[in-house]
Amino acid sequence: MKGRVFSGARPTGKQHIGNYLGAIQSYVKLQQDYDCIYCIVDIHALTTLEDTHLLKENTREMMLDWLAAGLDPEKSILFIQSHVPEVMELHTLLSMVTPLGWLLRVATFKEKVKLQPHNVNYGLVGYPVLMTADIVLYKADTIPVGEDQLPHLEMARDIVRRFTYLFGEVFPEPKAKLTTFPMVIGLDGERKMSKSCDNDVELAASPEETTQRIRTAFTDPARQYRNDPGHPEVCNIYSLHHFYNPDRLDEIATQCRGAAIGCVDCKNILAEGVNRDLAPFRERRAEIAQRPGYVDEVFADGARRAHVIAKETIKEVKEKMGLP
Ligand code: SF4
């Protein structure tokens, strides 16, 4: 029997090349060997969002990108977290077995408190419980994570073990599937690529927009003038060539070090590579976007299938907990 994968992502809207290289391409590959459930976790977004008017649009745009990238609703369950309300019910039930001390010690909670001292809501503290509910509601046993996310999964495993100890077995202990999520640095050359840092390249951007955007990128700070020799090993454009021009790495490095190529030319080569690589994705995305109601159908069908599993799990949980 195939293992069951679960992964959730916040509705950040149109995805960028960092999202694709970092996660989406792994999601697509996992479909070959696992039953996959991929969820846009809109409730999680409420813990930090103060302005929610973009949630609907962001969710749709994100799913368009997922579908165009190869997530297949025939193979995987693709849905929106809040469309299966049992997750909130399970969150409440699991919160009764989760010691508050565990949650207050979570490093990301402490970071969030510093980041948004004006909005330290209960949801921030309960975030790991909701995350656990996401996973175990669907009895997922395999969770694709990077090394940095292992502590979050460990908390989910602790909550499952405690539930099992108190009430008996309902959930499999979710196991990490360590996945290489390459950390893609943004165009500022400093921080992880992200929309909020405004240092990203959107997958769905036009070729012209992509070229313009890449032209704004920071490069080797030692290259002030065209004739200055460069240091590709410290240049973010060069690190992106690894993904988009892997067969030209030596040539570009040599030309950079010898100042035989300028940064503008080098960025143009990168933009050509990105546009070449993304052309089929963009074509598929435009085609899917034109199908009236298609994304809504995917969401509805995903929620229907997820709901079948969720209903059964909640029934078992309530029985084990002795709820009348
Ligand atoms: Fe970076 Fe290319 Fe400029 Fe060298 S030539 S510093 S690799 S952008």
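In listed order, ligands and their atoms are each counted from 1.
- A ring-centre distance under 6.0 Å is found for Phe163 and Phe171.
- Ligand 1 places these atoms under 4.0 Å from at least one heavy atom of Ile237: 8 (S).
- A chain of hydrophobic side-chain contacts below 4.5 Å, direct or via other Ile, Leu, Val, Met, Phe, Trp or Tyr residues, connects Leu178 to Met131.
- In summary, the aromatic rings of Tyr34 and Phe6 are positioned with their centroids too far apart to meet the 6.0 Å limit.
- Shown in contact with Asp220 at under 4.0 Å from a heavy atom are these atoms of ligand 1, numbered in order with element: 6 (S).
- Between the side chains of Thr210 and Arg282, a donor-acceptor pair is found at a separation under 3.5 Å.
- From the protein, the heavy atom lying nearest to atom 2 (Fe) of ligand 1 is Cys266 SG, 2.4 Å.
- Transitive grouping of hydrophobic side chains (ILVMFWY, heavy atoms separated by less than 4.5 Å) brings Leu100 and Val120 into a common cluster.
- Of all the heavy atoms of Cys263, the ones lying under 4.0 Å from any atom of ligand 1 are found in both the backbone and the side chain.
- Looking at atom 5 (S) of ligand 1, its nearest protein heavy atom turns out to be Arg223 NH1, 3.1 Å.
- Distance from atom 8 (S) of ligand 1 to its nearest protein heavy atom, with residue and atom name: Thr219 CG2, 3.5 Å.
- Among all non-hydrogen protein atoms, the one lying nearest atom 1 (Fe) of ligand 1 is Cys235 SG, 2.3 Å.
- Checked by atom type and distance alone, the side chain of Arg257 never pairs as donor or acceptor with a backbone atom of Gly230 at under 3.5 Å.
- Taking 2.8 Å as the threshold, Cys256 counts as a candidate ligand of atom 4 (Fe) of ligand 1, since one of its N, O or S atoms lies below it.
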